[in-house]
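Along the sequence shown, residues carry numbers from 1.
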Amino acid sequence: MVVILKNHADEARVKNLTDWLQSQKLMINEVRGEYQTILGLIGDTSRVDIDLIQSLDIVEDVKRISEPYKCANRNFHPDDTVVEAGGHKIGGGNFQFFAGPCSVESREQIIGIAKDVKAAGANFLRGGAFKPRTSPYAFQGMGAEGLELLLEAKKETGMPIITEIMDTAHIPLFEDVDIIQVGARNMQNFELLKELGHVNKPIFLKRGLSATLQELLMSAEYIMAGGNENVILCERGIRTFEPATRNTLDISAIPLLKEKTHLPVVVDPSHASGIARLVEPMAYAAAACGADGIMIEVHNDPAHALCDGPQALTAPQFAKVVTGVEKIREALK
């Protein structure tokens, strides 16, 4: 349920209302905008008398919300959420590029790529230290050593870093990471999501391979219900019957998510297709549909990458994508 308060409502009377609502065992998510204050009521609101609340002279309107996600719901929070990390903003008109290799392979590799993608226009360095792989025999990442190399690249270039977490036990290792990524395979690792709800840093939540949009938003809800409202959603392609690409990029998810939630939406065209030559046109489509950012895999030697080489771009190819995306965004203004 959403309670919309009138402009300049008396603070004492607002407190009386919130105290009473809390006495009904309801959690209150208060959002103060420039012209409006909204009280999002979380809990069993079935016995709350809408007419009684509506009759109060400090109340503009009351609406019941049917969707099971409350914190992530745009009805609770009409204004776009802007997530800040490493001195950069994501969402609310702020667009960012996330770029780097699928996996950290060596000091020279990650620092060299970091310098290249920064020069090309990326503001965030992505790179995998812990890698979930389908085969137990595939390269699993460098682990804690890979994190140290990412932090070294951050120190060398000044770029904030984003990397994937796989286990609650690893949370202490991510103290100096700017954005923690939850990969598609862990989107419904609810124990991990609960713990990340208590972490004071942005969480980059990727859509599961076969997850609906509501399931994605419910996973975001787990994090936000724990107190961490800095969640970034990522559309990275879903599994369909089409074998021509690794996954199928759900372009329609971008405007739909924009309607349903106030959270920023980033698109990963690299994982969506698994084919380097398709990354550029899909990045353009994502920008045209209103994405808040794009995550692209970039490698200095894709042919010899230890992980996902076929979908990685070179630095010059990435620079071309950045230029094209910026032209599209400018044309849409």
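K154 meets the side-chain hydrogen bond (donor to acceptor under 3.5 Å, both in side chains) test with D178; sequence neighbours excluded. Applying the salt bridge (Lys or Arg N to Asp or Glu O under 4.0 Å) rule to D19 yields the partners K15; only residues at least two apart in sequence or on another chain are considered. Partners of R64 according to the side-chain hydrogen bond (donor to acceptor under 3.5 Å, both in side chains) rule, which considers only residues two or more places apart in sequence or in another chain, are T45. Residues forming a ring-ring contact (aromatic ring centres under 6.0 Å, His included) with H198 (at least two apart in sequence, or on another chain): none. K63 meets the side-chain contact (heavy atoms from CB on, under 4.5 Å) test with I4, D61; sequence neighbours excluded.
Pairs of residues two or more places apart, or lying in two chains, that qualify as ring-ring contact (aromatic ring centres under 6.0 Å, His included) and include a residue from residues 142-177 are F130-H170. The ring-ring contact (aromatic ring centres under 6.0 Å, His included) pairs that include a residue from residues 209-240 are F190-Y222, where partners are two or more places apart or lie in different chains. Every pair passing side-chain hydrogen bond (donor to acceptor under 3.5 Å, both in side chains) that includes a residue from residues 324-333 is listed here, sequence neighbours excluded: E330-K333. Listed by first and then second residue, the ring-ring contact (aromatic ring centres under 6.0 Å, His included) pairs that reach into residues 62-86 are H77-H262, sequence neighbours excluded.
Looking at heavy atoms from C-beta onward, S270 lies out of side-chain contact with D308 at the 4.5 angstrom threshold. With contacts defined as side-chain heavy-atom distances shorter than 4.5 Å, the pair E156/K115 qualifies.
A distance-only check finds a donor-acceptor pair linking the side chain of T157 to the backbone of A153 [under 3.5 Å]. Side chain of E229 to backbone of C71: no donor-acceptor contact under 3.5 angstrom is found.
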Anything under 3.5 Å between a donor and an acceptor, one on a side chain of residues 275-283, the other on a protein residue two or more places apart or in another chain? List them.
{"residue": "E280", "atom": "OE1", "partner": "K320", "partner atom": "NZ", "Å": "3.2"}
{"residue": "E280", "atom": "OE2", "partner": "Y284", "partner atom": "OH", "Å": "2.7"}
{"residue": "E280", "atom": "OE2", "partner": "K320", "partner atom": "NZ", "Å": "2.5"}

What donor-acceptor contacts under 3.5 angstrom involve side-chain atoms of residues 287-304, with partners at least two apart or in another chain?
{"residue": "D292", "atom": "OD1", "partner": "K258", "partner atom": "NZ", "Å": "3.0"}
{"residue": "D292", "atom": "OD2", "partner": "K258", "partner atom": "NZ", "Å": "2.4"}
{"residue": "D292", "atom": "OD2", "partner": "V265", "partner atom": "N", "Å": "2.8"}
{"residue": "E297", "atom": "OE1", "partner": "Q311", "partner atom": "NE2", "Å": "3.1"}
{"residue": "E297", "atom": "OE2", "partner": "H271", "partner atom": "NE2", "Å": "3.4"}
{"residue": "E297", "atom": "OE2", "partner": "Q311", "partner atom": "NE2", "Å": "3.2"}
{"residue": "H299", "atom": "ND1", "partner": "D301", "partner atom": "N", "Å": "2.8"}
{"residue": "H299", "atom": "ND1", "partner": "D301", "partner atom": "O", "Å": "3.2"}
{"residue": "H299", "atom": "NE2", "partner": "E105", "partner atom": "OE1", "Å": "3.4"}
{"residue": "H299", "atom": "NE2", "partner": "E105", "partner atom": "OE2", "Å": "3.0"}
{"residue": "D301", "atom": "OD1", "partner": "H304", "partner atom": "ND1", "Å": "3.3"}
{"residue": "D301", "atom": "OD2", "partner": "H304", "partner atom": "ND1", "Å": "2.9"}

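In the hydrophobic clustering, where aliphatic and aromatic side chains (Ile, Leu, Val, Met, Phe, Trp, Tyr) are joined below 4.5 Å either directly or transitively, I238 stands alone.
Applying side-chain contact (heavy atoms from CB on, under 4.5 Å) to I203 and the options L193, L233, I232, V182 leaves one that passes, V182.
Counting non-hydrogen atoms of other residues, nucleotides and ligands closer than 6.0 Å to NZ of K260 gives a total of 12 or fewer.
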